[in-house]
Every structure is written in structure tokens, then in C-alpha cells.
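Working notes, structure below.
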Amino acid sequence: MFTGILDGIFNGLSVGSVLLLAALGLAIVFGLMGVINMAHGELMMLGAYTTFVVQNGFKQLGAPWTQFYIFFAVIAAFLVAALVGLALERGVIRYLYGRPLETLLATWGVSLILQQFVRSVNWVLVIGLILFCLLFFGGLWIVKRRPDFERIRNWAIAILLPLSAAISFAVGSVLSKTYKLAVTKPWFGAQNVDVTAPKWLLGGLPIGNYQLPYTRMFIMVLTVLCVLGIYFFLNKTPWGLRIRSVTQNRNMSACLGIPTQKVDALTFALGSGLAGIAGCAVSLLGSVGPNTGQNYIVNTFMVVVVGGVGKLVGTIVGAMAIGITDYIVGTGILAQLFAPIPPLANFFTFFATTSMAKVMVFFLIVVFLQFRPAGLFPQKGRTVDA
Amino acid sequence: MTRQFGRRKFLLYGSATLGTSILLKACASSTTSSSGTASPAAESPAAESPAAASGDTIKVGVLHSLSGTMAISEKSVVDSTMLAIDEINKAGGVGGKQIEAVQEDGASDWPTFAEKAKKLIEEDKVVVIFGCWTSASRKAVLPVFEEKNHMLFYPVQYEGQECSKNIFYTGAAPNQQIEPSVDWLLKEKGKDFYLVGSDYVFPRTANTIIKAQLQAKGGKTVGEDYLPLGSTEVTPIIAKIRSALPNGGVIYNTLNGDSNVAFFKQLQGAGLTADKYPVMSVSIAEEEVKAIGTEFLKGQYAAWNYFMTVDSPENKKYVEAFKAKYGDDRVTNDPMEAGYISVNLWKQAVEKAGDPGTPTDLEKVRTAVYGQEFAAPEGPVTMKPNHHISKTVRIGEVRDDGLFEIVYETPKPVDPIPWNQYVAETKGFTCDWTKTGVDNPGKFKS
């Protein structure tokens, strides 16, 4: 019985910690910056794919290294996702601050682009893209140095854009004609790819009849580390202070000389990087494919909204609450508990399948939000938007 | 200042000319080569190629998801279907005519499937369509095919309980996959079953059938659970399996797609191993094994009609042709093979009927399909008047290289039964589209 309870607590917490890790990045991007980032799931997916690439790279290195790829994968996933996030912020989102609907649509578009990108990415595409960027932005940079740049700006773009597109397209088609399959073969393809945890993470710690999976423990440790890291960063470093001040009052911070644009970019990159780490972690549990991110996006938003936008502690409590409720309802523990009262027991047995448990959890969340629309830990103070 | 200006201008104009010339060159080269790839079959006799392009072809539709969730599985069926079409074209086509395949993307979205089916029939005027994977997409296109009285070849194993005049089912009916595998499990692995499935029509119907069958044969269903499609949180299910089957038992898995990966990875982490908890899957084939990872699946079972390891000259030829066309690392699986069978059965029927029909009149071809036999990679198959084909049933065990060791196969092909005889609502019903004198030849009491 004791091990049963222990197992229940552990499982509930582990379901919650996966939710938390996935939602942590969003808690920063959505919670602190107010950006509805629909591409958050795809940043996770990029993290998962990075794990796949690192894993394969370490397989080449030989025996001792293959066992430790996961640590490097976590770091690489963070960096890759953060860089993509940075590009996304600089390229798209910074033009859309304060316009939530447009941000939502734009980031959703980005998420579709990223999904299709990992499906069809190959050498031709990458070379073509790099060439295009070099030609177009390089060309713009050269033209920009002219004194009469403002006057010829539109004209320059009208010429440069088709020209560099045509050149990179031509180079691409020449490459694919010359090298055939070697350059046109997709790197990953539409298929799911196989990420396998290192040997020491397979299996679990046996306790009586039960077994605590090592991968779950690894994810819980990783989650704790991430939360501590974020807490330390936001509260103890100068950049964390700037992020918090920009969150609270953007105009005042700008007046006091805080580079708000830099802070925005940094915050977004940080949130994206956390999504990358989450992607690396979930690749140990589930599948890695172009749709990986979509499986998590709804849950992550749910966690942040329940927890209260703008508060990290809300996200933590929200994730754990949802995870444990989901587990308790889904396994039918409640049905056993209410066994003496048949109608209640029947009611909970009905909800004791995984898909019905989801229904129950969503229903509870809807009811909860009726009474606490701002979530568990609402932001207080005059600066909060009404 | 002036010097600098001139150099810039020179650079700009120079790169412009260079770019334009490269573009022109690329365009020129691409036009010549694209005409070469468009009709590879007609390359050697050059005089034939204009004739083949100017209407002396048979247009067929290939309708699968090339994007979205299902692209993972459906793309390879398209590859196999195209292989069959290419082979037929290289061998001289159907009755001397080349087949021209029009591919459409159903985008894993069921209304899109219906739209694209309409487009293929009305605009492209195809005479047959090969396509669909999920039961949901098939149910979505069914009204279109019935309205237009058109023809679809459906290549995937499914839950049965359907028999349309306009669909030919080349995948397994439940009695050609699920029922024999349950019998085998009862005999070899134990009587206690836990049923796990994705939450949509196929797993739910399949589990109804399994439960009725277990009841009839002395087995026991100790629990069943459904995951939303795409969900990867399987911790509650594993906890329930462990409490329902503390001493081990059979897990019957009808999960589809990504959930399988999470399920097997976490099953292994929780210590539910194949020797105590054998899992029988009906949606895991060679491609999925590769994506999930062999170390998680070793020793688990799958029930299909075809495995890549089937030992026959036809299969050897098929696998070699497929690898030659798409690369050495590719694998073949059951739905791909069914797609390959579809094209060949249709080709034989067209040859028997004498002409491929027109989009509005396919009656002759349809009746010609009945009784067509084909030496498929899985063994001989025959199209029955109930629009399903007889198939050999096999059970495979995952081995180290990710392929299946065949541990059981039926001695001869099993005849299809679309209306399930274990389920009360359809007990006693049969389907026979050659039958006259009944109200609905698709479902009548025999």
C-alpha cells in the first residue's frame, strides 16, 4: 500500500513536471512578455530534433561518449532553440508588440513553416536559403551605405528580391541536377525519428512491485534545475532585474535607460531556449516528429493560464495541480475511494479512461476560471492592465 | 566619391547580369530535363513520347496525405503505389496505354480528402482513385464516391463493418488480422487481456470485436483505455495495466501514430517487459519499428498479412524493386504492399474489361475486378464479390534488426468477412455485390 501511494505521488509529480518543463518557456514569453507564441511547440520540436542530431553525432564518436550525449544535447537544444527564437523575435515579433491577434496569427504561420521545414529540409534548401540571405541582406547592406538610400529603398528591394531569389533558386536547381540524391535527400523526412535514451536512463529503480522509470526522474531533476536557474536569473542578475522592470512598466524602464529592445530579444530567446530543453526532455518519453510540438502546445497554454499570467510560481503550482488531477482521475483512484457510494463510484469510473480524464480536467479548469479568471496567482498592482 | 560610385554601380549591374544569365541557363536546362523526367518510360522510343502525352494515357488518382500528421505513414504508400504504376508503364502499360498518375494531398484533414476526391473525379477525370489511410478519411470520401458512382481502392487494414459498392478494400478485414491474432494469443500467451487504443473509430470498433470474441472463447477483458490521438502522456494507463494485471498478461494495442512511441518507451521504463506483458499491435509495421526504436520493441508482436521478411520470390522482387527506386535504407510494410496489390488488381480488371471505362461509367471494370487473382508479395490474393480480398494472416515478433520474425502464418489465404460475426448488430449479415434480388447487396441476411 505504501509503495502504491509513493508510486501515485511520483507518477502525478512526473506528469506535472513534464507539463511544467514544457510550460516554463511559455510562462516567460507569454507570462512576462504577453506574446502569444503559437510556435512554442515547434521550438520544442527543434529541441527534440537537435537531440536527435547530437545523439547521432555522438554515436560516431564511439563508446564512452554515446552514454553522455544527453547532457550535450540539453545544452545544444537550448542554444538552437534560443537562436531560432532570437531570429523569430527580431524578424517577426518585434513588429507586432501590443497586437496580440496579429502575433497569434504570425506565430501560428511560423509554426506551420517550421513543421514543413523539418519535413523537407535538405542541402539544396539550406544552401539556397543561405545564399538568398547573403545576397539579399548583403545587397541591402551595400545599398544602405549610399547617401540617397531612403530615396532608392523601394527600387533597390524591387530589384534585389527577385534577383537574389532567382540566383539562389538557379544555384539550387543546378546543384540538385549535378549531385542528385546526395543533396536532395531530406535530412529528417516526414517520418518520426528515433531518439533513444542512453543505457543508464533505460529501465527504472525497482521499489517492491513497482518501478520508477529513470527517464522520469531525469526529467524531474532537469525541471527542478531549470526552475532554480530561471529563479536565480530573474532575481539575482542585472539582466533579470531589467527583464522584471520592463515587464512591470515598459515606458518607465525605457526612460531610465534600460535598452528595452535588447531586453525583449533576450527574454524571448530565453523562453525559446527553455522550450528547446523541454523538447530534449520529451524526446526521451515520446516520439520525435514534425508534429511533436503540437501535442504539447494546448497543455502549455492551459498551465500558464491556470497558474496566472505573469507569475512563475503560478506556472509551477498550476502544472503540478493539473498533472496530479489528471493522474488521479485517469487511473480511477477516485472511483476506488468512493466505492461505498455507488453513484459517485460509477461517475468516477466513467471518467477513469485517459481521454475522459482530459475532459474532466478541462471541465474543472473552465469552472475554476469562472471564479478566478486571472488564475491561481494573479498579478497585483496598479500596472496590471485592467 | 565618383570613383566609389562607379564601382558600386559596376558591382550592382555586374551581379544583375550574372544572375540573369544564370537564371536563363537554369531555366533552359530545367525545361529540357523536366520533359525527360515526365515520361521516363517513353525515353528510349523518342517518337512515342508525344503520343503518350497527348491523351493516349489512362488517368488515375492517388489521394493520400502528403502533409500533416498522417504524412508519416501515407507517404510510403504513395511511394509503393507509384512503384506499381511505374512497373506497369515500363512493361507497356495497360492495354498499350500508359498510366498517368495525378497526385493529390489530403493534408491529414478529412474534409480536404472529400474535396480532393471530387476534384480528381470532376476536373482531372480520373477513372480510379487509390488512396486514404484512416477510417475517418475513408468515411469522409465515401459519399463522394457513391454520389459519382466512382471507384476507390483502399489499402489499409480497418475495422470492417462497411461494404460499399464503390470501394475495394485491399487491406485486412478484422477476421484477417485481429481475430486470428486474438486466437493465437489465447493459445500461446494467456487469457487476461488489457485493451489500449487511440480514441477514434478503428480502435473502438476493434475492441468491441475483441471483447465479444474473448467472451465467446473463454478469455477475459481486465480493462480497456483510450488515449486521445497524438497524446503522449501514458503514465496513468501504465499504472492501470499494472494494477489490473499484477502477474503479467496480454496487452492488445490499437494505438495509432505518435502515441505508440510514448507507450512503448514508457512501458519499458516502467519495467513491463515483453516476457511478462506481451504486446500485440495492429498498427506497428516495419516503418514504425524504425521510428520507435528496436530496443523498446524487441520481443513484442504484430499482426499483419505481409511482413518484409516474407520468404517468397514475389516478395524478393518487390523489395528489391522498391529499394532500387527509393534507396537502400527504406523498408516495405503491409499497407504499402496493399497499395501495390491495388494497382495490379485494377490493371488486370481493366485488361479483362477491355477498356478502362470513363469517369461516369465504370460498371464494366467493377464487375471485372471480381475474381481477379494476383501473385502478391504476401502470397496469392483473390478479390471476392464482397469487395475485400483473401489474405494470408501472419504474426511477427520484432527482432534485433527491426524486422519481424514470422512466428505464425495461416496455411492458406483467409476469406474476408466485412460484417463482423461476433458483434450482435451485424451477426448473420453478409455482402455480395454480384447478388441480385436483395434490397441491399452490401448488407443482407444470408
Side-chain angles (χ1 to χ4, degrees), chain A residues 7-8 11 14-15 18 116 119 135 139 142-143 146 159 163-164 166-167 169-171 173-174 177 181 185 189-197 202-204 206 209-211 213-216 282 284-292 294-296 326-327 330-332 352-355 357-358, chain B residues 5 8 11-12 15-16 18-20 22-27 29-30 33 66-69 71-73 75-76 199 224-228 230-240 242-243 246 257-262 265-266 268-272 287-288 290-296 327:
Chain A
D7 191 59
N11 280 334
S14 77
V15 174
V18 173
Q116 197 56 42
R119 278 198 198 101
L135 287 173
I142 292 174
V143 181
R146 287 173 63 116
I159 288 198
L163 194 64
S164 37
I167 292 177
F169 183 77
V171 169
S173 55
V174 167
K177 291 275 152 50
L181 207 59
K185 193 172 184 278
Q191 299 278 350
N192 285 1
V193 294
D194 165 27
V195 173
T196 308
L202 293 177
N209 245 346
Y210 295 93
Q211 187 171 340
Y214 290 133
T215 43
R216 289 277 180 176
V282 299
L284 299 177
L285 291 180
S287 56
V288 177
N291 299 303
T292 303
Q294 300 225 305
N295 300 333
Y296 293 93
D326 203 12
Y327 181 79
T331 46
T353 67
T354 310
S355 53
K358 269 251 139 68
Chain B
F5 188 67
R8 285 250 176 74
L11 266 178
L12 188 71
S15 60
L18 187 71
T20 324
I22 288 179
L23 178 70
L24 284 174
K25 229 176 192 166
C27 284
S29 72
S30 75
S33 65
L66 304 175
S67 58
T69 325
I72 293 169
S73 310
K75 185 73 180 56
S76 46
D199 206 354
E224 69 179 304
D225 206 333
Y226 298 95
L227 270 179
S231 166
T232 52
E233 191 49 84
V234 297
T235 310
I237 288 194
I238 288 172
K240 274 194 279 185
R242 214 159 30 186
S243 62
D258 293 354
S259 308
N260 269 315
V261 188
K265 277 189 179 175
Q266 297 180 37
Q268 201 245 18
L272 274 59
E287 295 237 292
E288 285 78 16
K290 218 166 72 169
I292 296 170
T294 316
E295 55 275 45
F296 299 109

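Below, each value reflects all heavy atoms present in this structure, side chains not excepted, and no hydrogens, waters or symmetry copies.
- A donor atom on one side chain and an acceptor atom on the other are not found under 3.5 Å apart for A/Tyr327 and A/Ser14.
- Looking at B/Glu224, the atoms closer than 4.5 Å to chain A (heavy atoms on both sides) all sit in the backbone: N, CA, C or O.
- Heavy atoms only, all atoms of each residue included: A/Thr331 and B/Ala239 are closest at CG2-CB, 3.9 Å.
- For a residue to count as touching a neighbouring chain, one of its non-hydrogen atoms must lie under 4.5 Å from one of that chain's; by this rule B/Glu233 touches chain A with backbone and side chain alike.
- Contact annotation for A/Val15: both backbone and side-chain heavy atoms come within less than 4.5 Å of a heavy atom of chain B.
- Note on B/Thr232, B/Val234, B/Ile238, B/Leu272: by heavy-atom pairs under 4.5 Å with chain A, the leading option is B/Thr232.
- Between chain A and the options B/Pro228, B/Gly269, B/Ala262, the largest number of non-hydrogen pairs under 4.5 Å is found for B/Gly269.
- In this structure the side chain of B/Phe296 reaches within 4.5 angstrom of the side chain of A/Thr196, judged on heavy atoms.
- Annotation: side chain to side chain contact (heavy atoms under 4.5 Å, CB included) contacts of B/Glu287 (sequence neighbours excluded): A/Gln191, B/Ser76, B/Arg330, B/Val331, B/Asn333.
- For the atom pair B/Glu288 CD and B/Asn260 CG, the distance stands at 7.5 Å (nearest 0.5 Å).
- Here B/Asp225 pairs with B/Lys240 under the salt bridge (charged side-chain N to carboxylate O under 4.0 Å, His left out) rule; sequence neighbours left out.
- Ranked by non-hydrogen atom pairs under 4.5 Å with chain B, the options A/Gly203, A/Gly204, A/Gly289 are led by A/Gly203.
- With a 4.5 Å cut-off on non-hydrogen atoms, A/Gln294 does not touch chain B at all.
- In this structure, no portion of A/Leu135 lies under 4.5 Å from any heavy atom of chain B.
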